[in-house]
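In this chain, residues are counted from 1 in sequence order. Atoms within a ligand are numbered from 1 in the order they appear, just like the ligands themselves.
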Amino acid sequence: MKCKITGEKITPFMSFGKMPLANGFLKKEEFEKEFFFEMEVGFSEKLSLFQLNDFPSPEKMFNKEYPFYSGSSSYMKSHFKDYADWIKKNYLSTKSNLVEIGSNDGTFLKNFVGTDINYLGFEPSENVAKKAIKNNVNTKNIFFNKDSIEDLKNFKSNTNVICAANVICHIPNLKDLISSIEILLSKKGVFIFEEPYMGSMFSKVSYDQIYDEHIFMFSITSIKKIFQLYNFDLIDVIPQVTHGGSMRYVVGRKKEHQISINVVNGLKEEQEKKLDKVESCIKFKDDCEKSKQKTIQSLKEFKSMKKNIAGYAATSKSTTILNYCNIDSTLIDFICDTTEGKIGKYSPGMHIPIKPISHFKDQLPDIAYLFAWNHKDEIFSKESDFKKNGGRWFSHVAL
Ligand code: SAH
Ligand code: TYD
């Protein structure tokens, strides 16, 4: 395996086995032709960068029926409003230019509709881009890269903020991404992005953050080292509670900004925890294997006690759990979810039926595996009756 940035040879430290597309929910007649790849992970010590070895092509993953909508969580809607307000307050002024990479259904950008900010979203998945356009959010239905920004005359060297959330780790060609950012940013412009944080994944053993779309798992050290290669400084980092522990990174052209003490402290903390070294990955591997055994054992025990088990939320993350732990419909009867494009289909690889949320109330399982554990507050408050009526929430991470 080679580091996707430096090209140096690295040895994968772990395999999760054969994996389907995390968002590849499918119909019965598609079972036979289902796509699988070997999900191995490695770590480049030079860049302290956690990465997948093999992965499906972006066009295979981000297509005209991509079933993830940012607006499916009301907490995320309010988070994106706060994110937009924070950017407006700190980095934008009248008539500033703003670009979002991976704008999905427009949940973040809709906070700029009707303002004097000149904004534009890049979103390759047609169904979600269409939803944004229908809601009057300026969206280009295309991957963000050097070719697709070619005709953005007014934005070149003139973009105050390029922002993103939960998408930079999806982009295999980071060299092209950073060159495109270089072309668009103004002298003092900033690139701001939020991504799941490797430190949180290690401490929670939330290995389900690893799936085909998440080609990289970033840390403060890795982001500093990557951007340093291309004459950019990491100027600020702010931890976020979203998606089970994320980090907001602010990057700017070299020597154009003061570096926040948050960066210095964050780097020091990562060094102390050895997050910059492969040693932490070896410990993580061991933790994943233990977590897998514990999960299988618990589910089998529930079954032997004649308990019914359902899954709550057919997340991309659940694809890793189900396939890595080999959990099929003999253990989990169904998974309920709010997304129209998933309901009536089957889960990738393990083929557990996906049912509407109403099914959860109708069937009232004894145990619910909360696959959207990152949205637990929102879900626990919606489903407070479940526990009151004797139901039990379960997860491989602490709830
Ligand atoms: N930013 C949203 C969506 C995250 S899901 C949120 O945080 O909720 C990732 C999104 O990025 C998907 O909608 C996917 O289609 C899009 N995407 C993937 N690769 C991309 C690329 N190279 N350029 C722009 N968008 C991309
Ligand atoms: P999320 O954890 O945001 O993302 P991912 O799929 O990338 O792991 O989960 C999104 C899925 O969870 C989506 O299919 C909708 C579903 N969901 C519910 O069914 N009910 C809810 O209350 C929430 C917040 C999400």
Geometric class of the Phe227/Phe191 ring pair [parallel <30°, tilted 30-60°, perpendicular >60°]: tilted
Geometric N/O contact Glu378 with ligand 2, under 3.5 angstrom: no
His79 side chain near Glu194 side chain, heavy-atom distance below 4.5 Å: yes
Whether Met76 lies under 4.0 Å from ligand 2, heavy atom: no
Winner among Asn23, Asp337, Ile335 once heavy atoms are compared against atom 16 (C) of ligand 2: Asp337
Glu378 side chain to His375 backbone, donor-acceptor under 3.5 Å: no
Residue pair Pro58 / Phe143, side-chain heavy-atom distance below 4.5 Å: yes
Close-contact set for ligand 2 against Thr339 heavy atoms, below 4.0 Å: 13 (C), 14 (O), 15 (C)
Closest approach of any protein heavy atom to atom 19 (O) of ligand 2, naming residue and atom: Thr338 N, 3.1 Å
Non-hydrogen atom of Phe25 closer than 4.0 Å to ligand 2: no
Lys175 to Tyr230, cation-pi by 6.0 Å centre distance and 45° axis angle: no
From Asn166, Thr315, Leu370 - option closest to atom 9 (O) of ligand 2 by heavy atom: Thr315
Non-hydrogen atom of Glu213 closer than 4.0 Å to ligand 2: no
Side chain to side chain contact (heavy atoms under 4.5 Å, CB included) between Glu123 and Asp105, intermediate numbers included: CA-CA 9 Å; Glu123 175 46 64; Asp105 59 4; over 6 Å; no
Stacked cation flag Lys361 on Phe386, 6.0 angstrom / 45 deg: no
Nearest-neighbour protein heavy atom for atom 1 (P) of ligand 2, which is reported as residue plus atom name and distance: His375 NE2, 3.5 Å
Lys292 charged N/C atom sitting above Tyr324 aromatic ring, 6.0 Å / 45°: yes
Ligand 2 N/O within reach of Ser316 N/O, cut-off under 3.5 Å: yes
Protein heavy-atom partner closest to atom 21 (C) of ligand 2 - residue, atom, separation in Å: Lys382 NZ, 3.5 Å
